[in-house]
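Inspection log for the structure reproduced underneath, given as structure tokens.
The figures that follow rest on heavy atoms only: side chains count, while hydrogens, waters and symmetry mates do not. Throughout, a chain's letter reflects where its sequence line sits, starting with A, and its residues are numbered from 1.
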Amino acid sequence: MQNGRKVLTEELAFEILSAIEEIPPGCVATYGQIARLIGRPGNARLVGRVLSMAEFFGSYPCHRVVNSQGRTAFTFTEQRSRLEEEGVRFLENGKVDMKHFRWDG
DNA sequence: TCTGTGACGAGCG
DNA sequence: ACGCTCGCCACAG
């Protein structure tokens with residue numbers, strides 16, 4: 001069965017968001033990391049898509065998701081300050097110190 | 001069906 | 001370290 005079937009269903013969206021809920025405060029996870037957690041490796045962009053509309057589904061710690069380089073989202077300006085409030089520190093280059101703050105889930 | 005786009009990732013010069 | 005290219009998957013038009 002693969003006929004006109006949507007992949008990004010509301011159910012999948014909540015699956016992604018609940019995975020994001022498990023990221024402990026003071027830590028960050030990458031899009032690819034979350035994608036693997038839900039059994040969809042290589043679908044990091046799907047995670048980003050859901051996060052872009054996360055506000056529609058409720059309140060989730062979407063600020064704890066950065067890209068593989070530790071870069072915060074361009075369109076999400078509050079992300080850095082929210083992370084810093086939790087104790088996540090940034091390097092001189094403006095990236096999260098992934099060595100110390102990446103979540104190992 | 002083809003094409004462009006995106007809160008991505010990995011490689012390379 | 002930085003920017004470019006390519007690969008990736010789902011979706012909209």
Side-chain angles (χ1 to χ4, degrees):
Chain A
M1 305 273 285
Q2 62 235 51
N3 219 340
R5 215 67 65 289
K6 272 180 61 177
V7 172
L8 183 39
T9 58
E10 195 172 292
E11 183 179 331
L12 177 56
F14 278 114
E15 190 179 347
I16 292 175
L17 291 169
S18 57
I20 288 171
E21 263 185 327
E22 295 178 24
I23 308 172
C27 294
V28 298
T30 69
Y31 298 94
Q33 198 176 340
I34 300 298
R36 288 191 295 275
L37 273 181
I38 65 170
R40 285 176 170 278
N43 258 25
R45 310 190 89 135
L46 184 68
V47 176
R49 187 180 295 281
V50 170
L51 257 51
S52 69
M53 42 179 136
E55 203 171 347
F56 174 81
F57 293 100
S59 49
Y60 296 88
C62 48
H63 59 282
R64 297 188 191 130
V65 183
V66 296
N67 67 21
S68 63
Q69 307 169 49
R71 252 300 194 209
T72 55
F74 177 69
T75 55
F76 191 1
T77 55
E78 309 173 38
Q79 186 170 18
R80 174 165 180 159
S81 55
R82 285 197 197 172
L83 286 173
E84 289 180 322
E85 285 175 24
E86 296 184 347
V88 175
R89 287 189 285 174
F90 286 69
L91 302 174
E92 293 301 319
N93 53 21
K95 298 177 182 176
V96 172
D97 186 351
M98 298 300 276
K99 271 290 187 184
H100 301 124
F101 298 99
R102 177 172 174 145
W103 176 48
D104 39 332

Exercise. Is A:R82 reaching over with its side chain to a backbone N or O of A:H63, donor-acceptor style, under 3.5 angstrom?
Worked result: no

Exercise. For A:A73, which contact category applies under a 4.0 Å heavy-atom criterion: base, sugar-phosphate, or nothing?
Worked result: base

For this session: For nucleotides C:dG13 and B:dA7, find the distance between their C1' atoms and express it as a whole number of Å.
Result: 23 Å

For this session: Round to a whole Å and report the spacing from CG of A:N67 to P of C:dG3.
Result: 14 Å

Exercise. To the side chain of A:N93, which of B:dC8, C:dA1, C:dA10 is closest?
Worked result: C:dA1

Exercise. When we call it a touch if two heavy atoms are under 4.0 Å apart, what does A:R71 touch: a base, just sugar-phosphate, or nothing?
Worked result: nothing

Seminar exercise, completed: From the candidates B:dG9, C:dC9, C:dC11, the one with an atom nearest any side-chain atom of A:T30 is B:dG9

For this session: Rounded off to whole Å, could you give me the CG-to-P distance for the A:N43 and C:dG7 pair?
Result: 17 Å

For this session: Check every atom of C:dC11, B:dG9, C:dC2 against the side chain of A:K6 and return the nucleotide holding the closest atom.
Result: C:dC11

For this session: Would you kindly give the CD1-to-C1' distance between A:I23 and B:dA7, to the nearest whole Å?
Result: 13 Å

For this session: Starting at atom CD of A:Q69, determine the distance to atom C1' of C:dC2, rounded to an integer number of angstrom.
Result: 10 Å

Problem set entry | Rounded distance in Å - CD1 (A:I34) to C1' (B:dG9) | 15 Å

Problem set entry | Position toward the 5' end of DNA chain B (nearest nucleotide), A:R36 or A:T75 | A:T75

Problem set entry | Main-chain N/O of A:W103 paired with A:Q33 side-chain donor or acceptor, under 3.5 Å | yes

Problem set entry | Between C:dC9 (C1') and A:L46 (CG): distance, integer Å | 8 Å

For this session: Describe the nucleic acid contact of A:Y31 in one word from base, sugar-phosphate, nothing, applying a heavy-atom distance below 4.0 Å.
Result: base

For this session: Take the protein atom CD of A:Q79 and the nucleotide atom P of B:dC8, then report the distance between them rounded to whole Å.
Result: 10 Å

Exercise. Within the structure shown, what part of the strands sits under 4.0 Å from A:L51 by heavy-atom distance: base, sugar-phosphate, or nothing?
Worked result: base

Exercise. Contact class for A:S68 vs. all strands (heavy atom < 4.0 Å): base, sugar-phosphate, or nothing?
Worked result: sugar-phosphate

Exercise. CZ of A:R45 versus P of C:dA10: gap in Å, rounded?
Worked result: 12 Å

Exercise. How is A:T72 classified with respect to the nucleic acid when contacts are heavy atoms under 4.0 Å: base, sugar-phosphate, or nothing?
Worked result: nothing

Problem set entry | Residue pair A:T30 / A:N67: nearest heavy atoms and the distance that separates them | CG2-O, 3.9 Å

Problem set entry | Expected output: side-chain A:E86 to main-chain A:P25 donor-acceptor under 3.5 Å | no

Problem set entry | Side-chain donor or acceptor of A:E10 paired with backbone N/O of A:F57 under 3.5 Å | no

